[in-house]
Amino acid sequence: MKPARPGSRAHNSLTPYVTGHRDAACIRSRQFSCYTRTLRSEDKVTIHFINRDGLKMTVKATPGDSLLDVVIDQNLDLDGFGACEGTLACSTCHLIFEEEVFKTLGPITDEEMDMLDLSYKPTDTSRLGCQICVHKSQEGMTVHVPESVADLRQPDVGTTSSSS
Amino acid sequence: MTTSRVLVFKPMKSLLTTKFSRSTRFTGLRRLASTPDSCPRVCVVGGGPAGFYTAQHLLKIHPAVQVDIYERLPIPFGLVRFGVAPDHPEVKNVINTFTQTGQHERCSFHGNVSVGKDVSVEELQKAYHAVVLSYGADGNRSLGIPGENLPGVYSAKDFVGWYNGLPCNKDLQPDLSSETAVVLGQGNVALDVARILLSPLDILKKTDITVQSLEALAASKVRRVLIVGRRGPLQVACTIKEVREMVSLPGTRPDMRAEEFKGIAESLKDVPRPRKRLTELMLKAVQGSPAGSGTASRLWGFRFLRSPVEVLPTPDLTRAAGIRLGINRLEGSGEGAWAVATGETEDIECGVVVNSIGYKSLPIDPAVPFDPRKAIIPNTMGRVEQAAGLYCSGWVKRGPTGVIGTTMNDSFATAQSLIQDMGTGVLDISTVKPGSQAITPLLQKRGVNPVSFSDWEKIDSEETRRGKAAGKPREKLLEVEEMLKTAHSRGPETQCTQSRD
Ligand SMILES: Cc1cc2nc3c(=O)[nH]c(=O)nc-3n(C[C@H](O)[C@H](O)[C@H](O)COP(=O)(O)OP(=O)(O)OC[C@H]3O[C@@H](n4cnc5c(N)ncnc54)[C@H](O)[C@@H]3O)c2cc1C
Ligand SMILES: NC(=O)c1ccc[n+]([C@@H]2O[C@H](COP(=O)([O-])OP(=O)(O)OC[C@H]3O[C@@H](n4cnc5c(N)ncnc54)[C@H](OP(=O)(O)O)[C@@H]3O)[C@@H](O)[C@H]2O)c1
């Protein structure tokens, strides 16, 4: 199944994490970290995703694409992944990397860190998938899709305080 | 897709497009999917994120379920349209996903139907196997202090509704003729309000903010916005992205009180990273205005350990002239610290007070259990307590906190509970239910004319057309009458719509 593209309204088909105008929206965020975009090559990179149930999904990804692109283009079944379509306005594309790979991923902007801070249990090797571009050096890497997001403030926090 | 041969994992996407034949994969659900007439029918009350995400997940995990969404307004998407700030268009990208759900062949949208008024929950329960309540939080927490109802005092809900074009708030006409505005509460909504009050017009005029509010903001005399919290800097409810936006808002500089941050830097050692980074950002703002904006004429600032005590009236008692704040001290520590009144007070002169201490869900129908203390529908994992066949999701399930991602997760969980109940027989789907076939005639008899998803798309394209002329993404229609006229029109403007029928 081909994901919906800008302008092509997916008539009567529902692929929750596949959405319309994402590409245009992604451009802004791409400027942040996709320095590898220029290195585009036809050689595909093998990437393993471990989903929230521990299932392994292996894909061949195009260098230069963001990991959010990969998830969407390959139609990986990750509910709610990339809700804001790669515009750094949510943390639903939170991914956890292997330490060695993490070190090679390039700097994190404040804006990405702000959103990571709102994700559910960020780790020391967490990044947002929309900010990471596929690179040949990542051949064979495994990324974990962690448990779902949660608000910084749990619903009960406010109620413990008393009004005066 | 050329890469499919290396796909070790077979995604479940097929469940979305395959129809009844696939139902055999659902052991226990086999009996539900014989003919379309006998398919399980679920209706969702409320067309906000919770409603759309619940519908999306139901459609995804059940191959035959029919989902009807009933929404009070002629327009879908709830707070994504009427809450999310106009200068946050990227947040509204979720509309693309909701649109796919709205266009799904097993989903239909019925806008302009107020449940509890136009149709009762009992009537819905008769027509559907299950009813999911996802109607959000339509009220606001009141301050409970003298002067709260004076002109010049607005609830954040109304103020936000006003700049976002919510029909019932279009005539709010907030009085912005005084220099200082006080926003009570330090959540993200408070920061949205502060930012809109202080944003340069050049930024706002490129958004989908209404023309009326843009004009009012152009004439606004408000130069200083104070964001007041009852607890300390380590307990603010807003998140870092929103504070960063304030810090870098052109033409403004922070107006903080350094003494309120005494000892804060030292206490950050053991604080979790998100809270630590947020606090460090505030400390930076305290230390000075950002580079190059020293002359900025507009000010924003936090005030801490202050609880509203009374809105002070003008001498002729006709409107708000200031606010009296009770000074608190903190007991306990960290996120759970609580405020205790010291008995001292402080008065601040201000002609605008925006109450942003939170939204609040309201009961919509006596048939639905409601917990008045927590202001939510009592539930276990989305199953309404002591009410078979009723479910809930979103703010009415959890209370009015959490971003769209939080709402998404809890809506998926509710959908999961519902489908599970179908499988185990807890939810009886053995009888044939008529769904909207029974509701539509009822509505017709009552003079209610529903708006379908393709009707909404006519409104959408009319708004986009008007917006284009003004250099904005859209110019929202503000009158329900006009929305309905556009939705049900067959005139020339409908020719350019992407209506699918
Ligand atoms: C001002 C504001 C700004 C926000 N900004 C952001 C942001 O930038 N990013 C973010 O992630 N989150 C943001 N949020 C949070 C987000 O909006 C909520 O998490 C989410 O909207 C809750 O979804 P809901 O469907 O439960 O409620 P709602 O969005 O309120 O949807 C409820 C729907 O039910 C309808 N309804 C009500 N009563 C009835 C009835 N009787 N019959 C039929 N329909 C009915 C309403 O009209 C509405 O469409 C913001 C919230 C607010 C208040
Ligand atoms: N950009 C975004 O992502 C965005 C934008 C807007 C809204 N939202 C989300 O929408 C949700 C709702 O936001 P919100 O700002 O309405 O709620 P909120 O985050 O719960 O903040 C409410 C604020 O009001 C204060 N308050 C509550 N009762 C009070 C009382 N009796 N007296 C004085 N102060 C009181 C709270 O202080 P205490 O902490 O002391 O209780 C808190 O500062 C939040 O989860 C928010 O993150 C997100």
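Everything numeric here is computed off the predicted structure, so don't read it as measured data. By convention in this document, chain letters (A, B, ...) are assigned in the order of the sequence lines, proteins followed by strands, and residues within each chain are numbered from 1.
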On the 0 to 90° scale, with breaks at 30° and 60°, tag the B/Phe98-B/Phe52 ring pair as parallel, tilted or perpendicular. parallel
Quick one: what part of A/Met113 sits under 4.5 Å from any heavy atom of chain B, side chain, backbone, both or neither? both
Do the ring planes of B/Phe412 and B/Tyr53 sit parallel (below 30°), tilted (30 to 60°) or perpendicular (above 60°)? perpendicular
Of all of B/Arg273, B/Arg277, B/Glu331, which one pairs up most often with chain A through heavy atoms under 4.5 Å apart? B/Arg277
Determine yes or no for a side-chain-to-main-chain donor-acceptor pair under 3.5 angstrom, with A/Gln138 supplying the side chain and A/Val101 the backbone. no
Counting only N and O atoms by type, is there a donor-acceptor contact under 3.5 Å from the side chain of B/Arg230 to the main-chain atoms of B/Ser307? no
What part of B/Arg244 is in contact with chain A, defined as an atom under 4.5 angstrom from a non-hydrogen atom: side chain, backbone, both or neither? side chain
